[in-house]
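Structure first, then comments.
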Amino acid sequence: MTQRKGEKTTISIQEHMAIDVCPGPIQPIKQISDYFPRYPRGLPPTAPPALSRAGSLRSSSTSQKSEGPQADANRDEDDLDQAFGATALVASKKEEEPDVEGYDSDDSTTLGTLDFSLLYDQENNALHCTINKAKGLKPMDHNGLSDPYVKLHLLPGASKANKLRTKTLRNTLNPVWSETLTYYGITDEDMVRKTLRISVCDEDKFRHNEFIGETRIPLKKLKPNQTKNFSNCLEKQLPIDKTDDKSLEERGRIMISLKYSSQKSGLVVGIIRCAHLAAMDANGFSDPYVKTYLKPDENKKSKHKTAVKKKTLNPEFNEEFFYEIKYADLSKKTLEVTVWDYDIGKSNDFIGGVSLGINASGERLKHWFDCLKNKDKKIERWHTLTNELPGSGYND
C-alpha cells in the first residue's frame, strides 16, 4: 500500500487483529503467594542467591550471546522471584521473634522480688511479718507504674478471717513499706501445718484491684524466737486447696483462760480476746460478743455473755465468769464457747465456736486437762474458732 506525503497511516481492523503482540509461548501469571515461599518449621532456608545479584548479572552477560532473548526473560523472572523471596525471609524472621514489650507472659516478663522477714514469738503466740520492700514490680497501670500493697493470708483457713494488708504506695515499681503485720493466737500446731501466703497487688480506684505476684512460706521453716529474712521472686497466682470438710473452716481465734478455784469451789472462765474474726457485716467488720455454757446444764443457768464490741475483728473483752461446781464433776463437763455478731432488728450471726472438755481433742483437750491438774492456776490458751456450731448455740 502506497502512502502519500502528509497522510496519516491507517490500519484496518483486520490488520490490527493480525499483529502478533505476544511472540513466543504464553507464560503463566505469577501469584502473590509465589513471592513469599514457606519453609517447613525447624528447617533453616538456604541463603537466597538474589543476595549476590552482581555475580548473577556477570554470568548472564557472558552467556547472553548463546542463550537468546527467551532465556533472558526467564532469568529476569527468576531473579525477581529470588529478590522477593529474600525479602520475605527477612520479614518472616522478624515475625517469628516474640515482642518482649507486648508479650504478656511470666516467661519473658519479671513480676518482681519481695524482701520481708518473719518472727515466731512462741511465748506470746504471735507471728510478726515485717514487709520491707519490693523491687522491679511488673507495671500494671497505663503510666508504666503501679500502686502496690501487700496482703497476707494463713493457709488453710478462711481468707477473710485472717487477711492482713499493708498501706498502698502510689506510682512506684520499687515500694518501701517497712511495715510489721502481726498474727495473734498462733500455736505450735499452726507452725507445723500452716503456710503464709504473701501477695502483692495493684490498687485501682475505679476497677478491681489487680494481682501482681505472690510467694508462700511454710511456717515449719521458722525456728521459734528467731528472725528469718527472705528475698523471694514473686510467682504467678497458684491455686488454693480448699478443704472438703466445711466444719473445719476457720473463723478466727479466741484466747480463753481456765482456773479451778479451791477457795470458791468453782471454775473461773476468762474470755480475754479474739483475733482475726470473720467479717459478718457489709462494712467488712463485725460487732462481736461471746457466750459460754457449761454442759450438761440441767437447770439451764450456765449461760454467760460478754459485752458487745462494735465494729472490730480483734475485740478485747477481759471478762471472767464463775461456775460453782465440785472439782470431781469437772471431768464430766464440757465448756462450750461461741462468738456471735450482734445485729439490730434481726437475728444475730454465728461467727464461730469451740468446745473444751473430756470429749475434745488436740489443744482443746490438753487445755482442759491442764486446768484439772493445776488447781488455783490460771491457764491461758489460744483456740481456733470453726463454723461448727456447738449444741449450746442453736438459740441465741
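What you see is a predicted model; the values in this text were computed from it and never measured.
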For Thr306 and Glu319, run side chain to side chain donor-acceptor pair (under 3.5 Å): C-alpha distance rounded to whole Å, both residues' side-chain angles, the deciding distance at 0.1 Å, then the answer.
CA-CA 7 Å; Thr306 68; Glu319 296 187 38; 4.6 Å; no

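- Proximity of a side-chain donor or acceptor of Trp177 to a complementary backbone N or O of Lys167 within less than 3.5 Å is detected.
- Ion pairing between Lys151 and Glu214 fails under the 4.0 Å rule for side-chain N and carboxylate O.
- Note: Phe350 and Trp340 have perpendicular aromatic rings, judged against thresholds of 30 and 60 degrees for the angle between ring planes.
- In summary, the side chains of Asp376 and Ser262 do present a donor paired with an acceptor at a separation below 3.5 Å, with no hydrogens or angles considered.
- At least one donor-acceptor pair under 3.5 Å links the side chain of Asn225 to the backbone N or O of Gln122.
- Other residues, nucleotides and ligands contribute at most 12 non-hydrogen atoms within 6.0 Å of the NZ atom of Lys133.
- In this model, no donor atom of one side chain and acceptor atom of the other lie less than 3.5 Å apart for Tyr183 and Asp190.
- When only modelled atom types and interatomic distance are considered, Tyr184 and Asn314 share no side-chain donor-acceptor pair under 3.5 Å.
- Counting only distance, with no hydrogens or angles, the side chain of Ser286 and the backbone of Met280 share a donor-acceptor pair below 3.5 Å.
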Going through the checks in order, is the salt bridge (Lys or Arg N to Asp or Glu O under 4.0 Å) test met by Lys366 and Glu189?
CA-CA 13 Å; Lys366 189 175 185 298; Glu189 182 182 356; over 6 Å; no

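- Pairs engaging residues 310-339 under the ring pair (Phe, Tyr, Trp, His ring centres under 6.0 Å) rule: Tyr260-Tyr327, His304-Phe321, His304-Tyr323 [sequence neighbours left out].
- Thr312 contributes no side-chain N or O that, together with a main-chain N or O of Pro288, makes up a donor-acceptor pair within less than 3.5 Å.
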Verdict with supporting geometry, Leu118 and Thr227, side-chain contact (heavy atoms from CB on, under 4.5 Å)
CA-CA 6 Å; Leu118 302 177; Thr227 300; over 6 Å; no

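- Residue Trp382 is not grouped with residue Ile271 when hydrophobic side chains (ILVMFWY) are merged at heavy-atom distances under 4.5 angstrom, including chains of intermediate members.
- Under the 4.5 Å side-chain criterion, counting only non-hydrogen atoms from C-beta, Leu181 is not in contact with Val150.
- Taking the ring pair (Phe, Tyr, Trp, His ring centres under 6.0 Å) definition, one finds that Phe230 meets it with Phe116, sequence neighbours left out.
- The main-chain N or O of Phe285 is found under 3.5 Å from a side-chain atom of Asn283 such that the two form a donor-acceptor pair.
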